[in-house]
Amino acid sequence: MTAKIMKVLAVSLALWSAAEAAHAESPPPLPLSLDQAITRGLDRNLSALLAKTRVDEAEGTRERRVANYLPHLRLETPFAWQTRNLRAQGITLPNAPAVVGPFTSYDFRIYADQNILDLQSYHAIKAAEEEQKARQLDYRDVRGQVIRQVAVQYINAAYAEARVATARSRVETSEVLEKLAADQRAAGVADGLDVLRAQVQLANDRQYLLVTRNNAELARLSLARGVGLDLGTPIALTDALAFKKLEGPQIAQAVQAALEIRPDYRSLHSQRASLEEQMKASRSRYLPRIVLSGNYGTSGQEMGKLDPSGMIQVNLVMNLFDHDRKGERMELDSRLKRNDEQIADLKLGVEQDIREALLNLNSATDQVLTARQGLTLAEKELQYASDRFKNGIANNIEVVTAQDALARARDNELNALAQHVEAKIALARALGDTEKAYRLFLGIESHEDMNR
């Protein structure tokens with residue numbers, strides 16, 4: 001028996017030592033504010049990284065189009081060992097063989113081409129420039145999406161963390177009330193059912209605390225991936241849910257301003273400008289091109305006897321029949337029509353986004369104020385119910401009911417606070433200049449700071 005006890009003690013001591021060592025080796029939590037999370041997300045989020053590569057790709061496409069208007073140089077140095085069939089070329093000489101040779105030839109030559117007039121290439125360059133603008137605007141739009149995504153992940157994590165604190169407070173309250181029920185029973189004021197009811201409530205609250213802790217860990221895990229952190233890195237959120245009232249702009253003015261700066265809307269216009277340039281390039285396929293070309297080098301049959309020679313010429317190139325242009329025009333016409341439909345739809349979408357964001361912002365503001373009133377009343381209700389039970393006026397059914405009401409009131413407040421912050425981010429996204437607006441709306445920067 002003693003040996004078994006010693007073995008159990010040894011195992012317990014080993015487990016305790018391992019737990020202490022793991023706790024000692026774990027890194028300290030990384031402090032992370034909402035602004036820091038968004039900054040990390042913009043630098044490391046996959047969507048933003050992919051959008052940046054599309055900007056670089058568009059720049060490469062523009063460079064290739066520009067290359068058509070730059071000089072083209074090439075060096076050729078052919079060395080030939082050959083025979084010639086004179087008869088096959090229509091040359092017949094008396095007493096001469098049909099095939100002559102073999103003989104060698106050397107040629108060292110530089111060739112150059114320069115487009116002087118090429119409207120098709122010119123409009124292709126303009127189309128690539130507009131396409132590059134569209135990709136840059138798409139990149140700004142994706143950054144706005146990342147800001148909202150990371151902000152929502154941070155808000156969810158802060159909300160989950162606040163619910164853990166609320167659940168822990170519920171457990172502490174239930175422990176006090178469970179002890180009170182036991183004391184009341186010992187004093188003969190309450191019966192065993194009151195004690196059992198208090199114990200059931202305490203068990204439920206402890207179960208709820210476990211659930212909220214797990215949800216908080218899941219929310220932090222999602223946030224870590226969203227901002228590019230190692231998933232094993234512990235995070236300490238430094239910004240708690242707080243209420244800072246924001247007056248929304250006038251709808252008409254907000255819509256007008258958003259149409260001027262919304263990157264997704266401006267991107268469609270840049271895409272349309274690119275398509276128009278492509279149409280001009282397509283029409284230019286039947287216009288003449290003027291190309292300046294030439295070459296200079298040395299040639300001969302022996303390396304020691306190479307003579308210089310060269311040529312310069314101006315070519316006028318003009319397509320007479322090119323049926324492919326008809327299919328190209330049909331493709332571009334359909335793309336322009338599709339682009340016009342997208343612009344018209346997104347114009348309505350911009351107004352819808354702003355109206356929805358303002359409705360959600362006003363509703364969340366009212367919900368926060370109402371939830372705080374409800375929380376104050378629920379705290380008073382629990383206090384009154386506890387006093388009545390303590391004085392033997394009523395059983396603890398009223399206490400349990402008041403506990404549930406207080407829990408709902410606290411959760412309503414947290415939910416309203418989270419919705420209010422999310423509505424601010426949604427409004428910043430709807431207005432267009434997300435990277436500046438979210439700092440102002442969340443109180444990270446003031447108007448004075450942004451104007452500096």
Side-chain angles (χ1 to χ4, degrees), residues 47-48 50-70 72 113-145 255-291 315-355 429-433:
S47 298
L50 293 180
K52 184 61 172 64
T53 62
R54 296 188 188 98
V55 174
D56 298 336
E57 181 181 350
E59 171 63 17
T61 301
R62 189 193 70 84
E63 289 291 332
R64 293 185 63 192
R65 299 294 181 267
V66 171
N68 290 330
Y69 250 116
L70 296 177
H72 289 72
D113 298 284
Q114 171 67 61
N115 283 331
I116 303 300
L117 177 63
D118 186 352
L119 292 179
Q120 182 179 0
S121 296
Y122 172 79
H123 290 299
I125 293 172
K126 292 297 182 181
E129 290 175 349
E130 293 295 337
E131 191 67 23
Q132 185 183 13
K133 292 179 184 178
R135 296 289 79 79
Q136 290 171 341
L137 289 166
D138 289 342
Y139 176 53
R140 282 184 52 201
D141 184 54
V142 169
R143 286 175 69 88
Q145 295 175 12
V255 171
Q256 184 62 36
L259 291 176
E260 295 176 359
I261 64 174
R262 275 269 295 245
D264 52 348
Y265 187 71
R266 303 314 307 170
S267 173
L268 288 177
H269 282 278
S270 292
Q271 292 175 40
R272 194 183 198 289
S274 176
L275 290 171
E276 290 173 347
E277 291 294 338
Q278 292 178 50
M279 288 290 288
K280 294 177 182 179
S282 179
R283 289 193 291 268
S284 300
R285 291 172 66 166
Y286 277 117
L287 297 178
R289 287 191 304 121
I290 300 177
V291 182
N315 294 335
L316 178 66
V317 183
M318 188 171 181
N319 284 332
L320 297 179
F321 179 76
D322 185 1
H323 191 67
D324 177 66
R325 180 173 171 270
K326 179 180 178 181
E328 183 183 47
R329 187 176 66 251
M330 293 175 63
E331 288 180 352
L332 293 173
D333 284 338
S334 64
R335 291 176 189 173
L336 276 170
K337 183 178 180 181
R338 183 164 62 246
N339 181 268
D340 289 337
E341 296 293 341
Q342 291 174 326
I343 289 176
D345 180 72
L346 187 55
K347 186 175 182 180
L348 295 176
V350 168
E351 182 174 354
Q352 181 182 355
D353 290 344
I354 293 175
R355 288 182 177 274
R429 173 90 175 93
L431 292 176
D433 200 355

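For the numbers below, each heavy atom of this structure counts, side chains included, while hydrogens, waters and symmetry mates do not. Given the structure is predicted, the values throughout are model-derived calculations rather than measurements. Nothing fancy with the numbering, it's 1 onward along the sequence.
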(request) Would you confirm whether Glu276, through its side chain, and Ala127, through its main-chain N or O, come within 3.5 Å as a donor-acceptor pair? (result) no

(request) Please answer whether the main-chain N or O of Val291 pairs with a side-chain N or O of Asp113 as donor and acceptor at a distance below 3.5 Å. (result) no

(message) Rounded at 0.5 Å granularity, tell me how far CD in Gln145 sits from CZ in Arg429.
(response) 4.5 Å

(message) Once rounded to the nearest 0.5 Å, what's the spacing between atom OH of Tyr69 and atom CD1 of Ile116?
(response) 8.5 Å

(message) Would the distance check show the side chain of His123 and the main-chain N or O of Ser121 forming a donor-acceptor pair, the cut-off being under 3.5 Å?
(response) no

(request) Heavy atoms only: give me the nearest Ala124-Ala281 pair and the separation to one decimal. (result) N-CB, 4.1 Å

(message) Working to the nearest 0.5 angstrom, can you tell me the gap between Ile125 CD1 and Glu63 CD?
(response) 10.0 Å

(message) Testing the 3.5 Å rule here: is there a donor-acceptor pair between the side chains of Ser267 and Gln271?
(response) yes

(message) Any salt bridge linking Lys337 with Asp333? Criterion: basic side-chain nitrogen under 4.0 Å from a carboxylate oxygen.
(response) no

(message) Whether the Tyr139 and Arg135 side chains hold a donor-acceptor pair (N or O, under 3.5 Å, no angle test) is what I'd like checked.
(response) no

(request) Determine whether the side chains of Thr53 and Glu57 contain a donor N or O and an acceptor N or O closer than 3.5 Å. (result) no

(request) Give, for atom CG of Leu431 and atom CZ of Arg262, the distance between the pair rounded to the nearest 0.5 Å. (result) 8.5 Å

(message) Let me confirm one number: the CZ-CD distance from Arg272 to Gln342, rounded to the nearest 0.5 Å.
(response) 12.0 Å

(request) Give a yes or no on whether the backbone of Ser270 and the side-chain of Ser274 come within a donor-acceptor separation of less than 3.5 Å. (result) no

(request) Without swapping roles, check the side chain of Asn319 against the backbone of Arg285 for a donor-acceptor pair under 3.5 Å. (result) yes

(request) Specify the closest pair of heavy atoms between Asn339 and Leu268, including all atoms of both residues, with the distance to one decimal. (result) ND2-O, 3.1 Å

(request) Nearest 0.5 Å please: distance from the CG atom of Leu275 over to the CE atom of Met279. (result) 9.0 Å

(message) Go through it in stages, so that I can follow the logic: the residues are Arg62 and Glu59, the test is salt bridge (Lys or Arg N to Asp or Glu O under 4.0 Å), and I'd like the CA-CA distance, side-chain angles, deciding distance and then a yes or no.
(response) CA-CA 5 Å; Arg62 189 193 70 84; Glu59 171 63 17; 3.4 Å; yes

(request) Using a cut-off of 6.0 Å, state whether more than 12 heavy atoms not belonging to Met318 lie near its atom CE. (result) yes

(request) Applying salt bridge (Lys or Arg N to Asp or Glu O under 4.0 Å), run through Glu328 and Arg325 and close with a yes or a no. (result) CA-CA 5 Å; Glu328 183 183 47; Arg325 180 173 171 270; over 6 Å; no

